[in-house]
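Worksheet: the structure to be examined is printed underneath.
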Amino acid sequence: MTAQIIDGAALATDKISQLKQIVTSLQSRGITPGLATVQVGDDPASRIYVRNKVRACTAAGVNSIHHDLPGSSSEGQVLQLLNQLNNAPSVHGIIVQLPVPAHLDARRLSQAIAVAKDVDGFNWQNLGALVEGAPGILPCTPRAVMVMLENAKIAVEGRHAVVVGRSNIVGKPVALLLVGGGATVTVCNSRTPDLGAITRQADILVVATGKAGLITGGMVKPGAVVIDVGINRLPTGKIVGDVAFEEVKEIAGWITPVPGGVGPMTVAMLVENTVNAAARVQP
Ligand code: NDP
């Protein structure tokens, strides 16, 4: 059996065109959503991610304002910019592209973004809301995973979901969303003994490790849903996920490709968070 593909690129295109309609109606109320992206230093992968975000904003009619700061910028300089953006009425969402240079404290920068403009959902107040299941801004990649499951009409409630990875930006929040959806959730990390024994129990397997090809066919239960969050550049330049796609697609029931899976949907969720943040502004 060959798995059905969950086409994140196509879903993202649909989502962006829906958002464009909402932007048009906001504009008739005098509001054009604006996203400020801040990059410190010249990490080439970050440059590509920021470019994709700017493109998606443009496609949805969202203004994007990019701030390129030199890698030598002090924390005070970055905080000063964030403060200006927090107070700018034309800016509804702010992101600091990670990673930042080692002399900067990424956590302090994330916490300096106003809660209402924290469209990456990394602020502790938004993360606290996620823990409680209360309204707040959800982090983009975990939300992308849930929307992809919903769109494929894959029920979460009552299923065993296994998340491989426990980072603050993917693994932990995606596990919380799955818990909120009624799944029984197991979270694995690099110390998990016999990873395959756990992943083979998964009805829904979400993998976010940054280890190319970590999940092989023998580690997947037949018919399982496999969501590959990983983005890895091989020495050949090819981009691959954390899942050995060719062999796992012969075992799984559903699978997301890399590229063209969670990545474009993550960007669409960022645009959605920005549009929603603008819609909450009183004219
Ligand atoms: P981190 O490096 O912060 O976390 C990786 C996690 O994977 C850690 O918890 C680590 O465990 C775990 N891990 C590493 N190796 C193994 C292993 N052999 N077995 C089990 N667990 C393992 O990465 P991120 O969460 O930030 O990102 C993960 C991947 O997702 C990356 O490829 C990244 O590029 C991609 N990504 C993709 C996005 C998208 O839009 N599609 C968005 C964000 C990230 P431990 O904690 O024990 O070290």
Side-chain angles (χ1 to χ4, degrees), residues 6-9 11-12 15-16 37 43-56 95-100 102 106-107 110 119-122 127 138-149 161-178 185-202 205-216 218-220 226-235 237-245 248 255-273:
I6 304 178
D7 185 344
L11 279 176
K15 176 54 86 178
I16 294 290
T37 55
D43 178 60
S46 292
R47 210 157 276 298
I48 295 171
Y49 294 141
V50 169
R51 193 186 62 203
N52 291 342
K53 291 170 187 180
V54 168
R55 275 190 191 150
I95 60 161
V96 175
Q97 184 65 43
L98 301 178
V100 289
R107 180 179 281 163
S110 293
V119 286
D120 259 338
F122 295 162
L127 287 172
L138 291 173
C140 302
T141 302
R143 171 99 180 104
V145 170
M146 299 306 285
V147 170
M148 290 170 86
L149 291 172
V162 173
V163 178
V164 188
R166 57 170 165 173
S167 73
N168 290 327
I169 62 167
V170 188
K172 281 185 207 165
V174 91
L176 283 165
L177 288 176
L178 289 161
V185 181
T186 305
V187 183
C188 304
N189 60 63
S190 64
R191 321 281 167 86
T192 301
D194 197 356
L195 183 64
I198 313 273
T199 58
R200 272 191 295 276
Q201 297 172 32
L205 177 60
V206 181
V207 192
T209 64
K211 297 282 178 285
L214 175 70
I215 303 297
T216 54
M219 297 167 79
V220 174
V226 179
I227 309 285
D228 189 354
V229 179
I231 302 176
N232 308 288
R233 186 180 290 275
L234 298 180
K238 189 178 179 209
I239 301 288
V240 298
D242 294 348
V243 172
F245 182 83
V248 172
I255 191 166
T256 63
V258 179
V262 178
M265 272 302 280
T266 292
V267 176
M269 294 298 106
L270 175 69
V271 179
E272 182 174 64
N273 280 348

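We count ligands from 1, going down the list as the structure has it; atoms in each ligand are counted the same way. Position 1 is the first residue of the sequence; numbering continues from there. None of the values given here were measured: they were computed from a predicted structure.
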Point to revise | Pairwise side-chain contact, V206 with V162, heavy-atom cut-off 4.5 Å (strictly under) | key: no

Check your understanding: Using a 4.0 angstrom limit on heavy atoms, which residues are close to ligand 1?
Key -> T141, V164, G165, R166, S167, I169, V170, N189, S190, L195, A208, T209, G210, K211, L214, V229, G230, I231, N232, V262, G263, T266

Exercise for review: With sequence neighbours left out, write down each residue that passes side-chain contact (heavy atoms from CB on, under 4.5 Å) with A161, or none if nothing qualifies.
Suggested key: L178, A183, V185, I204

Practice item. Count the heavy atoms of every other residue, nucleotide or ligand shown that sit under 6.0 Å from CZ of R233, and state whether that count exceeds 12. Key: no

**Study point:** I198 side chain reached by T192 side chain, heavy atoms, under 4.5 Å
**Key:** yes

Review point. Hey, is CZ on R47 packed in by over 12 heavy atoms from elsewhere, all under 6.0 Å?
Key: yes

**Study point:** No-hydrogen, no-angle side-chain donor-acceptor test under 3.5 Å, T256 and D228
**Key:** no

